[in-house]
Amino acid sequence: MFELFKTFFQIGFFTIGGGYAMIPLIEQKVVDEKQWVSHDDLLDLIAVAQSCPGIFAVNISIFIGLKQKGNKGAFFSALGTCLPSFLCILAIALVFQQFRENVYVEHFFHGIRPAVVALIALPVFRMAKSAKINRYNVWIPIVAAFLIWMMGVSPIFVVLAAGVSGYVYGKYLKEDFV
Amino acid sequence: MITILLQLFWTFFLIGLFGFGGGYAMISMIQGEVVGHYHWMTMGQFTDIVAVSQSTPGPIGINSATYVGYTALVNAGYAPYWGILGSFLATFAVVLPSFILMLLISKFLMKYRNHSSVENVFSGLRPAVVGLLAAAALLLMNSENFSSMAENPWRFCLSIFLFLFAFIGQKVYRLGPILIIVLCGIAGIILGL
């Protein structure tokens, strides 16, 4: 149990830049070192964790914990994944609160803000490729973006509507919908 | 106080439940709820939170939930220890749906992953998530993050330049996000942005 916690704590602590950056480390720790799952199993797990809602890395850790030690294992794995994030951010938030008014900190964040927008804009194109956007379905992301951007519709509602429409369209309107 | 804690919990529970498409798609949802709906913080503050979440260890979804939970309470005028409670609640809430769903479907999903109904749902979801990301980027392109020609032409032009630098730096030269963030921050200090 403690092994699960420790392993995922290390994975959480030593990866920066989000869930997908964790895959190589998960592979090294969980498959090569501990041999909790095989290489093929991990690929399947990644596919399933991607198609589930929620945080990718947490989903994977819950899966592996569940497989190793049942419900308790799942709990400790997830805790291990979340705890480093939680502690780091709290430490930063508590400190940042005091330095917010500092003029250099302000300049630093003014410089960062445009870069963050660029870093969020980039995955749009990467995702467009993997979501197989073509001239027949390109209207879907455009309408989704317009609803959220201009009309102030909640993204949660857009995701819900898109899932339901996909289901209805595939089931009742078009037999050979991809 | 109780209201804002309950709202935090419910918001992040929903985000965890409908958060398809990875950390960046979740950021779009958090932005929609936290800035657009509840006005717990400004778009500029939210951008700072995203910057910190990207450059600290751990999944971006967890990092931003923790940070938003803290900031929402402190912004509302409560002491930092209430902020810690807020961050705990938000983090717990965003993970909870994963837990419930995984326990329920870990046995079934492997079998039904290629079932046509599941495929249909995802054929609608995937393109929409692309739109979600685009909307998040568009919403962040405001005067708070870039300033404006009328307000501060120097900062506005430099912001555009840093945006292009970050975009091209990652897309063409494959610089890591942390390196880009640190370089742009230093540029901000030197140029007095």
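Chain naming here is simple, since letters A, B, ... match the order of the sequence lines and numbering starts at 1 in each.
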S.K.: Can you check whether B/His37 reaches A/Ser154 side chain to side chain, under 4.5 Å on heavy atoms?
M.R.: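 SC-SC contact between B/His37 and A/Ser154 ruled out.
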S.K.: Take atom CZ of B/Phe9 as the centre, draw a 6.0 Å sphere, and report whether it contains more than 12 heavy atoms from other residues, nucleotides or ligands.
M.R.: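 Above 12, so yes.
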S.K.: Does some side-chain heavy atom of B/Phe20 sit less than 4.5 Å from a side-chain heavy atom of A/Val159?
M.R.: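 Yes; the side chains approach each other to less than 4.5 Å.
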S.K.: Using non-hydrogen atoms only, which part of B/Phe167 is less than 4.5 Å away from chain A: side chain, backbone, both, or neither?
M.R.: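 Both backbone and side chain.
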S.K.: Return yes if some donor-acceptor pair links the side-chain N/O of A/Arg113 with the main-chain N/O of B/Glu144 below 3.5 Å, else return no.
M.R.: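 Checking the backbone N and O of B/Glu144 against the side chain of A/Arg113, a donor-acceptor pair under 3.5 Å is found.
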S.K.: Side chain, backbone, both or neither: which part of B/Met29 has a heavy atom under 4.5 Å from chain A?
M.R.: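 Answer is both: backbone and side chain atoms of B/Met29 are under 4.5 Å from chain A.
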S.K.: Heavy-atom distance under 4.5 Å to chain A: side chain of B/Ile62, backbone, both or neither?
M.R.: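 It is both, since atoms from each part get that close.
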S.K.: Chain B: which of A/Ile133, A/Val138, A/Val117 shares the most heavy-atom pairs with it under 4.5 Å?
M.R.: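 Of A/Ile133, A/Val138, A/Val117, A/Val117 has the most heavy-atom pairs under 4.5 Å with chain B.
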S.K.: Exactly one of B/Asn145, B/Ile189, B/Leu193, B/Val52 should register a side-chain contact (heavy atoms from CB on, under 4.5 Å) with A/Phe109. Which one does?
M.R.: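 Among B/Asn145, B/Ile189, B/Leu193, B/Val52, the one meeting side-chain contact (heavy atoms from CB on, under 4.5 Å) with A/Phe109 is B/Val52.
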S.K.: Against chain A, label B/Phe88 side chain, backbone, both or neither, depending on which of its atoms sit under 4.5 Å from a heavy atom there.
M.R.: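 The answer is both parts of B/Phe88.
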S.K.: Could you give me the CA-CA distance, side-chain angles and deciding distance for B/Asn63 and A/Ser85, then say whether side chain to side chain contact (heavy atoms under 4.5 Å, CB included) is met?
M.R.: CA-CA 6 Å; B/Asn63 292 349; A/Ser85 290; 2.9 Å; yes
S.K.: How long is the span from the CG atom in A/Asn137 to the OG atom in B/Ser123, to the nearest 0.5 Å?
M.R.: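 Between A/Asn137 CG and B/Ser123 OG, I get 9.5 Å after rounding to 0.5 Å.
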S.K.: So for B/Ser28, is it side chain, backbone, both, or neither that comes closer than 4.5 Å to the heavy atoms of chain A?
M.R.: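 Both backbone and side chain.
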S.K.: Between A/Pro114 and B/Ser159, what is the shortest heavy-atom contact and its length?
M.R.: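 For A/Pro114 versus B/Ser159, the nearest heavy atoms are CB-O, 3.3 Å.
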S.K.: Side-chain contact, heavy-atom cut-off 4.5 Å: A/Phe96 with B/Tyr70?
M.R.: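 Of all side-chain heavy-atom pairs linking B/Tyr70 with A/Phe96, none is under 4.5 Å.
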S.K.: Give the member of A/Leu119, A/Ile140, A/Ile148 that has the highest number of heavy-atom pairs under 4.5 Å with chain B.
M.R.: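 Looking at each of A/Leu119, A/Ile140, A/Ile148 in turn, A/Leu119 comes out on top.
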S.K.: Please state whether the rings of A/Phe75 and B/Phe99 are parallel, tilted or perpendicular, taking 30° and 60° as the class boundaries.
M.R.: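 Rings of A/Phe75 and B/Phe99: tilted, 30 to 60°.
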S.K.: Go through the atoms of B/Ala187 and report whether side chain, backbone, both or neither lie under 4.5 Å from a heavy atom of chain A.
M.R.: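 Interface part for B/Ala187: neither.
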S.K.: Taking A/Phe13, A/Phe86, A/Phe14, A/Tyr104 one by one, which has the highest count of heavy-atom pairs under 4.5 Å against chain B?
M.R.: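 Highest number of pairs under 4.5 Å: A/Phe86.
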S.K.: How long is the gap from CG on A/Leu90 to OG on B/Ser87, to the nearest 0.5 Å?
M.R.: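 One gets 4.0 Å once the value is rounded to the nearest 0.5 Å.
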S.K.: Would you sort out whether B/Phe18 and A/Leu160 count as a side chain to side chain contact (heavy atoms under 4.5 Å, CB included), showing the intermediate values?
M.R.: CA-CA 7 Å; B/Phe18 296 114; A/Leu160 206 60; 3.1 Å; yes
S.K.: Apply the test side chain to side chain contact (heavy atoms under 4.5 Å, CB included) to residues A/His110 and B/Arg155: give CA-CA distance (whole Å), side-chain angles for both, the deciding distance (0.1 Å), then the verdict.
M.R.: CA-CA 9 Å; A/His110 279 171; B/Arg155 197 186 140 197; 3.5 Å; yes
S.K.: Out of curiosity, B/Leu133 CG to A/Phe125 CZ, how far, rounded to the nearest 0.5 Å?
M.R.: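 If we round to the nearest 0.5 Å, B/Leu133:CG and A/Phe125:CZ are 10.5 Å apart.
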S.K.: For B/Ile27, is it the side chain, the backbone, both or neither that has a heavy atom under 4.5 Å from a heavy atom of chain A?
M.R.: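 The side chain, not the backbone.
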S.K.: Is it the side chain or the backbone of A/Pro84 that comes within 4.5 Å of chain B heavy atoms, both, or neither?
M.R.: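 No part of A/Pro84 comes within 4.5 Å of chain B.
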